[in-house]
Protein chains: 2
Amino acid sequence: MLRLAKLADYGLLIACHLANLSDELVKLEQVAEATQLPVPTVRKVMKLLVDQGVVRSERGMKGGYALSRPANRISIGEVIIAVEGGLALTECCLDACQCDMAQACTVQNNWNVINQTIGEMFSRITLADMNRPLSRSDVLKYVEERSPNLLDYVAVG
Amino acid sequence: MLRLAKLADYGLLIACHLANLSDELVKLEQVAEATQLPVPTVRKVMKLLVDQGVVRSERGMKGGYALSRPANRISIGEVIIAVEGGLALTECCLDACQCDMAQACTVQNNWNVINQTIGEMFSRITLADMNRPLSRSDVLKYVEERSPNLLDYVAVG
DNA sequence: CCAATTCATTACCAATTTGGTATTGATTTA
DNA sequence: TAAATCAATACCAAATTGGTAATGAATTGG
């Protein structure tokens, strides 16, 4: 139903791995071994994470990778967006609505609302959270614990 | 970030269209025209919807398609699953966890919890809901309005 | 200053997935 | 029996995606 690209999944795995090492710099190959992922793939994902400021890197003999912030200040949404490059459940209505049906745009707009709600949930779950078992009610808390102002921040319909 | 396949999007559009016609049988071509989708594509999606019991069909000269239940008793989750054939955000840990990292499976398990939460949200939003503008707080209600028992139904960690 | 190590960047490829098409068959109505 | 309409199968082309290879740039340490 909802698909998360493998690379995004990898990115999350990698980020959660880094989250367990605090500030220590780890080499690409170490990460690859720890996560059981191919080295070139880890390299690719790392680049994306570095580009988006989720991970910092240092070159040279003592170089390596580490999270650029504490794990509890990096959201999984940030990681996913970094790797997948954006968030969009549907494609229509992004630039200009080509479809004629007025009703279609109601549907599309509703999707956007749903999408944003999920996106906000993802922006509230951190890497630190992901490294300990989450219960279902934990997840719900992330949805519910938003400021009332935010609730209707996005005007619709 | 989260991608919904085009076909699933189409399926939703089609289902929402049918939802506006109550029990009236509509022909494939009419649906194609109304939704601005290619006829063969609509046919493909229809087949999936019929197979899963979301839509009923009748052959012959007075044949056509209609929802198999009232629009407020068909969830968008049902439609999406019908077209996409299942729900899975990630792939690991579906059959057997191949990865060594114990931590990896914590992450994967958390994903499952998140996935199920979203899935349940989708099972609470109906086609009828999708045909009127939803506000963000509406969406939240669907997440919150679950019985307390359900909350911790899925044991984790 | 040079060599070794490690990350950065670019370009590329192979394979799966996906959206879409065409054709032939089955069923109902008139 | 003929026309209309859905059903089913097989197929294709294009886009996406996961993964590879090779070369370049920066840092450390002798």
Side-chain angles (χ1 to χ4, degrees), chain A residues 1-14 18 24-33 35-68 80 82-86 88-92, chain B residues 1-14 18 24-33 35-68 80 82-86 88-92:
Chain A
M1 111 197 277
L2 292 171
R3 290 160 308 163
L4 193 65
K6 266 188 189 170
L7 277 193
D9 191 19
Y10 297 165
L12 214 52
L13 216 52
I14 291 170
L18 294 183
E24 183 186 350
L25 286 176
V26 272
K27 297 187 224 321
L28 199 65
E29 288 190 356
Q30 294 176 313
V31 175
E33 191 188 8
T35 55
Q36 301 274 39
L37 297 173
V39 172
T41 299
V42 176
R43 176 175 299 128
K44 189 181 215 170
V45 173
M46 275 306 194
K47 171 177 167 40
L48 296 167
L49 294 177
V50 170
D51 285 351
Q52 297 305 311
V54 172
V55 167
R56 71 187 170 87
S57 65
E58 280 185 21
R59 295 200 251 203
M61 274 183 54
K62 300 184 111 175
Y65 296 94
L67 290 184
S68 57
I80 295 171
V83 177
E84 297 225 313
L89 278 184
T90 54
E91 288 163 8
C92 169
Chain B
M1 110 196 277
L2 291 172
R3 290 161 308 164
L4 193 65
K6 265 189 190 168
L7 278 192
D9 190 20
Y10 296 165
L12 215 53
L13 216 53
I14 291 170
L18 294 183
E24 185 185 348
L25 286 175
V26 273
K27 299 186 221 323
L28 199 66
E29 288 190 355
Q30 294 176 312
V31 176
E33 192 189 8
T35 55
Q36 300 274 40
L37 298 173
V39 172
T41 298
V42 176
R43 176 175 299 129
K44 188 181 215 170
V45 173
M46 274 307 193
K47 170 176 167 41
L48 296 168
L49 294 177
V50 170
D51 286 350
Q52 297 305 310
V54 173
V55 166
R56 72 187 169 86
S57 65
E58 280 185 23
R59 297 201 251 204
M61 273 184 56
K62 298 184 111 173
Y65 296 94
L67 290 185
S68 58
I80 295 171
V83 177
E84 297 225 313
L89 277 183
T90 55
E91 287 163 8
C92 170

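Chain letters run A, B, ... following the sequence lines, proteins first, then strands; residues in each count from 1.
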- [ ] For DNA chain D, determine which residues of residues 37-49 of chain B have any heavy atom closer than 4.0 angstrom to one of its atoms, and list them numerically.
- [x] B:Arg43, B:Lys47
- [ ] Mind checking the CG-CD spacing from B:Leu48 to B:Glu84? Nearest 0.5 Å is all I need.
- [x] 10.5 Å
Task: Spacing of B:Leu7 atom CG relative to C:dT21 atom C1', expressed in whole Å - done: 13 Å
Open item on the list: So, OP1 or OP2 of D:dG18: does either fall under 4.0 Å of a side-chain N or O from A:Lys6?
Closed with: no
Open item on the list: Quick one, B:Val83 with B:Asp9, criterion side-chain contact (heavy atoms from CB on, under 4.5 Å). Give me CA distance, side-chain angles, the key distance, then yes/no.
Closed with: CA-CA 9 Å; B:Val83 177; B:Asp9 190 20; over 6 Å; no
Open item on the list: So, taking the atom named CD in A:Gln30 and the one named OH in A:Tyr65, what distance separates them when rounded to the nearest 0.5 Å?
Closed with: 12.0 Å
Task: Side-chain touch A:Leu18/A:Met46, heavy atoms, less than 4.5 angstrom - done: yes
Open item on the list: To the closest 0.5 Å, what do you measure between NZ (A:Lys27) and NZ (A:Lys62)?
Closed with: 9.5 Å
What are the atom names and distances for every N/O pair under 3.5 Å that joins the protein to nucleotides 28-30 of chain C?
none

TODO: Give a yes/no on whether any side-chain N or O of A:Tyr10 is located under 4.0 angstrom from OP1 or OP2 of D:dG18.
DONE: no
- [ ] For D:dA7, take OP1 and OP2 only and decide whether either is under 4.0 Å from a side-chain N or O of B:Ser57.
- [x] yes
TODO: Considering non-hydrogen atoms only, spot the tightest contact between A:Gly53 and A:Ser68 and give its length.
DONE: O-OG, 2.5 Å
TODO: Write down the distance between CD1 (B:Ile14) and P (C:dG19), rounded to a whole number of angstrom.
DONE: 13 Å
- [ ] Starting at atom CG of B:Leu25, determine the distance to atom P of C:dT27, rounded to an integer number of angstrom.
- [x] 18 Å
TODO: Rounded to the nearest angstrom, tell me the gap between atom NZ in B:Lys27 and atom P in C:dT27.
DONE: 20 Å
Task: N or O in side chain of A:Tyr65 less than 4.0 angstrom from C:dT6 OP1/OP2 - done: no
Task: Nearest-0.5 Å distance, CD1 of residue B:Ile14 to CG of residue B:Leu37 - done: 5.5 Å
- [ ] Please check if the side chain of A:Ser57 supplies one atom and the backbone of A:Gly64 the other of a donor-acceptor pair under 3.5 Å.
- [x] no
Task: Nucleotide C:dT5, atom P - distance to CD of A:Glu29 in whole Å - done: 11 Å
Task: Over all atoms of both residues, closest heavy-atom pair of B:Leu49 and B:Ala82 - done: CD2-CB, 4.1 Å
Open item on the list: If I take atom CG in residue B:Leu28 and atom C1' in nucleotide C:dA22, what distance separates them, rounded to the nearest angstrom?
Closed with: 15 Å
